[in-house]
Amino acid sequence: MKLTSAREQRFSGYPVSPGIGIGPVHEAAEPELLISTKKLSPDEVPAELMRLEEALARSRHQLQKLKNRLAALPEDSQAEISPLLDVYLHMLGPSRLLRGIRTRMQEALLCPEAAVQAEAEAQAEAILAQPGNDRQSRARRAEEVRELSRRILRNLTRQPFRSFTNLAQGCILAAQFLRPADAALIQPSRFAGIITTEGGADGHTAVMLRALGLPAVLGVDGVLETAAAGSLAIIDGETGEIVLNPAKASLEAARKKLSAQTRARRALAQLQHLPAQTRDGVAVELQANLELPFELPMIAESGAHGIGLLRSEFMFMNREVAPDEDTQTRIYQDIVEAMDGDPVTIRVLDWGSDKEVEALSRYLPEAPEPNPALGLRGVRLLRRHPALLETQLAAILRAGAAGPVRIMLPMVSVAAELQATRDILRKVWRRLKRRGERMAERLPPLGIMVETPAAALAAAHLARHADFFAIGTNDLTMYTLAADRSLPAGMKLYDPLEPVVLRLIRLTTEAARTADIPVSICGELASRPQATPLLLGLGIRQLSMHGNAIPRVKQVIRANTLTNCEVLAAAALAAESANDVREILAAVM
Ligand code: PEP
Ligand code: MG
């Protein structure tokens with residue numbers, strides 16, 4: 001950081017976590033890591049292996065300590081950070097990474113530092129070179145391996161980690177880059193905001209900073225070179241703007257925005273126990289999506305009535321073999337019990353395409369599919385491996401003894417997929433009865449995700465076979481517009497507000513109403529308050545979303561009437577483009 005004149009200057013970056021922060025900027029610089037690459041003689045190997053084991057033990061101990069410290073963080077930060085620490089701890093167990101490091105030491109006679117660096121790099125490169133179209137997830141996994149190797153190297157060489165504790169209370173933390181594990185070390189109450197010069201909007205670090213609830217802007221060019229240590233700055237985590245050495249007027253405007261945000265946050269907190277009901281008395285059920293069991297306490301506090309989408313993929317991740325029936329039963333049971341009588345909708349494994357599940361990779365086709373998103377995914381893949389499906393259904397049926405559960409199938413396109421699964425479900429039920437297992441009194445409802453245009457167009461037919469619908473707007477948008485959902489924001493084609501997508505939602509809600517079955521939305525669109533009146537107008541009365549989003553969506557429901565929502569939906573259905581729909585929505589917000 002350099003000393004410059006105190007003239008107001010503006011910078012911008014990726015806004016990753018909303019909120020206004022005002023404070024002096026202080027840089028947390030990372031000490032450089034110096035590595036020796038010396039070769040070992042064979043008789044040095046045992047002692048050097050011991051040194052490696054000590055560094056691994058220290059790394060495990062540090063990560064465990066970090067995990068214990070998580071309890072002090074907000075619930076949703078815990079939900080983001082804890083699984084990542086588990087990934088690191090898993091890699092420090094009997095993993096391919098550690099096997100590879102030891103082999104390099106024993107066979108290539110590399111010193112531990114060189115072996116760690118070479119093996120981690122080789123594995124990260126192998127992950128990046130894997131086939132499949134989920135580049136983002138591969139980049140994240142590769143970064144996890146590299147990040148863990150840096151921790152082991154610091155412990156091997158006894159070189160210090162970056163510390164955030166010596167920075168002034170209330171300052172804006174500035175850094176060239178932050179790793180996810182760095183983010184885990186940040187005490188949110190100590191800082192007014194976070195700025196980095198590197199990093200993008202969708203990485204792990206961004207996700208974690210969002211969970212910490214601190215205003216954060218990443219990828220801000222030039223700010224570190226310009227700001228003198230301790231110079232005052234304003235950070236706006238919503239617009240991505242940084243104002244360095246703000247003039248009096250800028251400071252006043254920021255203070256006003258900050259107090260408006262504080263008032264809005266307080267108002268939202270008061271909504272928790274109020275009903276989600278429109279001004280003309282139409283009740284809406286708000287449920288939570290659950291991806292990891294760590295989210296349960298946050299969901300309980302969010303005012304959610306049950307879980308509308310439990311993505312069961314987490315149980316199959318970061319492990320070498322799939323969990324057996326008893327293990328799965330215990331996991332579901334814990335969740336069902338925690339929801340205390342509110343229903344839990346468990347979606348059977350949605351795997352294939354961009355959803356890679358390590359424990360099941362041997363079940364996937366040997367040759368990469370030319371179009372994975374259009375190939376073996378979700379229920380299609382499960383039907384090829386009935387033993388996996390039967391184990392999961394058995395575990396869900398057994399968890400049904402602890403409270404209400406619903407079973408949901410992903411990626412359904414034709415009724416035969418549902419009918420075949422229902423036959424399997426009945427067979428598993430009979431088998432468990434013969435075994436004398438405890439289950440719910442009756443077979444749980446079996447419903448489907450409506451996330452392909454085929455399912456939406458055939459909704460009237462499918463509604464005769466399904467006990468409920470849940471519209472997955474993420475995939476429904478992708479398949480309707482033939483535009484990948486993980487495309488960067490600049491690629492505008494993927495947009496759930498396109499009127500064609502809204503028409504498919506409408507077809508689905510009408511079919512559900514005629515057949516008198518429940519229909520919800522559990523895609524990301526459900527968590528966008530701007531879209532809430534539109535979705536109510538399209539006939540939706542159940543929404544399932546990330547627990548954090550519930551208060552804001554509830555606030556919007558309580559501010560609208562069904563009549564105005566229906567007028568809005570009619571206009572949106574008749575619109576020509578997503579931009580027109582956005583304008584219609586903006587006019588009523
Ligand atoms: C969806 O597609 O909208 C959905 C909820 O499922 P996922 O995001 O898990 O594919
Ligand atoms: Mg989906």
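Order of appearance sets the numbers: ligands from 1, and atoms from 1 within every ligand.
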Between Leu476 and ligand 1, which residue portion shows a heavy-atom distance shorter than 4.0 Å: side chain, backbone, both, or neither? neither
Need the ligand 1 atom indices (1-based, order shown) with element for anything under 4.0 Å from a heavy-atom of Leu309. 5 (C)
Atom indices of ligand 1, in the order listed, that fall short of 4.0 Å to a heavy atom of Gly523: 3 (O), 5 (C)
Where the side chain of Thr561 meets the backbone of Thr278, is there a donor-acceptor pair that is under 3.5 Å apart? no
State the atoms of ligand 1, each with its element, that fall below the 4.0 Å cut-off from a heavy-atom position in Cys522. 5 (C)
Checking Gln123 side chain against Arg96 main chain: does a donor-acceptor pair fall under 3.5 Å? yes
Are Met449 and Val379 close enough that some pair of their side-chain heavy atoms sits under 4.5 Å apart? no
As a test of reading the structure, name the N/O/S atom of Glu451 that is nearest the Mg ion (ligand 2). OE1
Polar atom proximity, Glu524 to ligand 1 (N or O, under 3.5 Å): no
Return yes when Arg347 approaches ligand 1 closer than 4.0 angstrom through a heavy atom, no otherwise. yes
Do Arg380 and Ser413 have side-chain atoms, one donor and one acceptor, less than 3.5 Å apart? yes
Side chains of Gln287 and Ser520: donor-acceptor distance under 3.5 Å anywhere? no
List the atom of Gln392, the atom of Met315, and the distance in Å for their closest heavy-atom pair. NE2-CE, 4.5 Å
Would you say Asp326 and Thr329 are linked by a side-chain donor-acceptor pair, where the criterion is simply a distance under 3.5 Å? no
Does any N/O atom on Glu313 come nearer than 3.5 Å to any N/O atom on ligand 1? no
The Mg ion (ligand 2) has as its nearest N, O or S atom from Asp475 the atom OD2
Within 4.0 Å of some non-hydrogen atom of Met449, the atoms of ligand 1 are 4 (C), 5 (C), 6 (O)
Just wondering, do Tyr494 and Thr477 contact through their side chains at under 4.5 Å, heavy atoms? yes
Show the atoms of ligand 1 that are less than 4.0 angstrom away from any heavy atom in Arg311. 4 (C), 5 (C), 6 (O), 7 (P), 8 (O), 9 (O)
